[in-house]
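Everything below concerns the one structure shown next.
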Amino acid sequence: MKDVAKIGYIWDSIPSQLARENKKFLYQAVKTGARARDYEDALLWLIQAGLVYKVNRSNKPNLPLMAYDDLSAFKIYLLDVGLLRRLAQLDPNVFIEGNRLFVEFKGALTENYILQSLVKQFEVMPRYWASEGKAEVNFLIQHEDQIIPIEVKSDENIRSKSLTYYHQTYQPPVRVRYSLKNLDWNTGLLNIPLFLADQSKELIRLAKM
Amino acid sequence: MQFERDKESQLLNWKNSAYRKPLVLKGARQVGKTSLLKQLGKTAFESTAYFNFDEQAELKQFFEQTKDVNRILQNLSLVHGKRIEPEKTLVIFDEIQECKPALNALKYFAEHAPNYAIASAGSLLGITLGQESSFPVGKVTFQEVQPLTFSEFLKGLDPNLAAYFQSIHNLDPIPDLFFNSLLEKFKMYFICGGMPEPAKYLVESQDIGLV
């Protein structure tokens with residue numbers, strides 16, 4: 001068990017990894033001088049223990065998703081939003097007011113929650129998609145014969161340049177946005193309130209009808 | 001209180017399946033694997049024979065000495081203090097990753113004793129399975145347990161609202177009254193998370209400061 005320390009370093013670094021704007025997992029951010037080849041076994045241990053989820057970056061939103069992974073980039077989320085909050089040492093009472101809890105911490109908690117919910121409903125592990133500095137879509141899911149782009153909006157601001165860019169480039173029949181707005185289906189865009197994420201599969205089915 | 005889990009119905013399906021194979025329940029620690037299996041034993045079987053390979057390391061011998069499942073079952077019956085009966089007893093092998101011979105024996109249970117209900121679980125099972133190339137994947141049924149979902153949490157907190165939640169089968173906007181109460185309950189879940197322990201405290205005490 002010589003990897004125990006490494007597992008601990010990775011675990012403790014997850015909040016700071018997710019606090020960065022692009023949330024990409026960096027081995028250098030685990031510990032000064034840390035390299036991938038020294039730490040990837042420890043990371044694999046966390047994944048296999050079911051404690052974290054690894055979300056790969058997708059090169060191309062094509063079927064099957066797994067065939068287009070960009071091996072150079074991925075993000076690491078926790079298996080549970082409450083665990084992430086505690087690991088990040090955010091006091092529960094501090095942000096019970098208003099909608100601060102969704103926005104705080106660069107929206108990481110909200111993204112983590114949506115990922116958890118998606119993992120339970122869809123068989124294929126979600127990916128994320130990024131195009132050279134132009135746009136980034138939080139998650140891609142493979143559902144039946146389609147790739148569905150997903151945007152997570154943690155505040156009232158629901159404008160999304162990235163999802164629009166993705167839409168113009170790939171024209172998916174359904175695109176999904178999670179936000180604090182009410183349920184809405186309008187010209188290919190399905191807005192799902194955060195609390196309804198567990199019903200996503202059913203809502204997407206209804207939208208496609 | 002205890003949360004009603006969506007997984008319960010899947011476990012019942014496993015129990016009643018005509019092609020039942022030994023079950024391997026995966027999932028992180030503290031997500032409720034053992035409780036789910038014990039609950040299944042209580043509700044769907046006449047009795048439960050629970051073995052924990054972490055707490056009772058001596059059990060390992062039974063599996064090292066022989067591959068004959070009937071002899072293994074005889075020995076386990078003696079430890080259990082009651083006869084283990086096909087279809088009537090749920091046999092739980094907890095923390096099975098601590099005993100590789102038991103993990104391998106699942107294959108023999110599948111082949112020679114399919115009428116016995118064998119369910120195994122372990123929080124570090126995923127790691128063992130990732131390393132064991134010889135594990136008989138096709139001879140077992142895998143299922144995975146995750147933290148409580150918001151809808152499971154809601155069922156424990158507010159059954160009426162949970163019933164409404166599950167009845168949503170159209171894309172119309174949610175009426176404000178429901179929208180606001182759902183958002184309020186969701187915030188509680190969001191802060192607490194879905195690990196059954198803290199969620200239980202929260203639902204029982206209604207005090208967010210405790211989680």
Side-chain angles (χ1 to χ4, degrees), chain A residues 3 7 41 44-53 78-87 90-102 109-110 112-113 116-117 119-121 154 180-186 190-199 202-207 209, chain B residues 6 26-31 33 97 122-131 144-154 161 165-176 178-195 197-199 202 207-211:
Chain A
D3 280 338
I7 292 166
D41 283 352
L44 186 63
W45 190 96
L46 284 166
I47 296 167
Q48 288 180 336
L51 290 168
V52 303
Y53 292 121
L78 290 199
L79 89 151
D80 181 68
V81 64
L83 273 186
L84 179 58
R85 197 212 82 231
R86 270 179 290 171
L87 188 62
L90 287 165
D91 186 271
N93 287 306
V94 173
F95 57 147
I96 191 95
E97 291 303 315
N99 296 325
R100 225 180 111 193
L101 69 169
F102 301 119
L109 292 166
T110 311
N112 200 99
Y113 172 70
Q116 268 173 259
S117 181
V119 166
K120 276 170 229 162
Q121 297 172 71
S154 42
L180 291 171
K181 299 270 179 210
N182 211 324
L183 187 57
D184 183 45
W185 168 238
N186 189 358
L190 177 63
N191 185 81
I192 301 180
L194 294 174
F195 57 76
L196 268 187
D198 284 344
Q199 301 278 66
E202 169 68 1
L203 297 171
I204 289 170
R205 186 186 68 82
L206 291 166
M209 277 181 3
Chain B
D6 298 341
K26 298 200 292 182
R29 49 185 298 212
Q30 301 290 322
V31 293
K33 296 180 297 296
Q97 78 279 348
S123 43
L124 299 177
L125 199 50
I127 296 152
T128 312
L129 296 178
Q131 290 161 353
E144 196 149 357
V145 185
Q146 267 125 0
L148 290 169
T149 63
F150 173 54
S151 46
E152 288 170 326
F153 176 82
L154 196 58
L161 199 57
F165 183 89
Q166 274 167 340
S167 72
I168 299 171
H169 291 293
N170 61 60
L171 299 171
D172 301 335
I174 314 286
D176 285 352
F178 293 134
F179 189 97
N180 295 334
S181 0
L182 281 168
L183 184 58
E184 223 37 60
K185 301 291 192 272
F186 179 66
K187 282 183 188 170
M188 289 174 76
Y189 170 85
F190 196 84
I191 291 171
C192 167
M195 303 308 268
E197 271 300 300
L202 176 60
D207 181 359
I208 201 74
L210 292 177
V211 299

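Not measured: the values here are computed from a predicted model. Chain naming here is simple, since letters A, B, ... match the order of the sequence lines and numbering starts at 1 in each.
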TODO: Report the option among Leu203(A), Asp80(A), Asn191(A), Ile47(A) that has the most heavy-atom pairs separated by less than 4.5 Å from atoms of chain B.
DONE: Asp80(A)
Task: Contacting moiety of Thr110(A), where chain B heavy atoms sit under 4.5 Å - done: both
Open item on the list: Which one wins on heavy-atom pair count under 4.5 Å against chain A: Ala28(B), Pro147(B), Ser123(B)?
Closed with: Pro147(B)
Task: Separation between NZ of Lys187(B) and CZ of Arg100(A), rounded to the nearest 0.5 Å - done: 12.0 Å
- [ ] Measure the spacing between CZ of Phe195(A) and CZ of Phe179(B) and express it to the nearest 0.5 Å.
- [x] 4.5 Å
- [ ] Please round to the nearest 0.5 Å and tell me the distance separating atom CG of Leu83(A) and atom CD of Gln30(B).
- [x] 10.0 Å
Task: Toward chain B, the part of Ala207(A) with a non-hydrogen atom under 4.5 Å - done: both
Task: Residue among Ile192(A), Leu44(A), Leu79(A) with most heavy-atom pairs under 4.5 Å to chain B - done: Leu79(A)
Open item on the list: Before you tell me yes or no, could you show the steps for Arg85(A) and Ile191(B) under side-chain contact (heavy atoms from CB on, under 4.5 Å), namely the whole-Å CA-CA distance, both residues' side-chain angles and the distance that decides it to 0.1 Å?
Closed with: CA-CA 7 Å; Arg85(A) 197 212 82 231; Ile191(B) 291 171; 3.4 Å; yes
Task: Check: Phe190(B) ring centre within less than 6.0 Å of Phe102(A) ring centre - done: yes
Task: Residue, of Asp172(B), Ile174(B), Leu148(B), that accumulates the most heavy atom pairs under 4.5 Å with chain A - done: Ile174(B)
Task: Candidate pair Tyr113(A) and Phe150(B), rule ring pair (Phe, Tyr, Trp, His ring centres under 6.0 Å), full reasoning - done: CA-CA 10 Å; Tyr113(A) 172 70; Phe150(B) 173 54; 7.5 Å; no
Open item on the list: Could you check whether atom CZ of Arg29(B) has more than 12 heavy atoms from other residues, nucleotides or ligands sitting under 6.0 Å from it?
Closed with: no
- [ ] Tell me, for Leu190(A) versus chain B, whether the close heavy atoms (under 4.5 Å) come from the side chain, the backbone, both or neither.
- [x] side chain
Open item on the list: Checking the side chain of Gln199(A) only, and the main-chain atoms of Phe165(B) only, is there a donor and an acceptor separated by less than 3.5 Å?
Closed with: yes
Task: Contacting region of Leu196(A) [heavy-atom separation from chain B under 4.5 Å] - done: both
TODO: Mind checking the OH-CG spacing from Tyr189(B) to Asp198(A)? Nearest 0.5 Å is all I need.
DONE: 6.5 Å
Task: Partner chain A: residue of Asn170(B), Leu183(B), Leu124(B) with the largest heavy-atom pair count (under 4.5 Å) - done: Leu183(B)
Task: Leu84(A) versus chain B, the contacting section by heavy-atom distance below 4.5 Å - done: neither
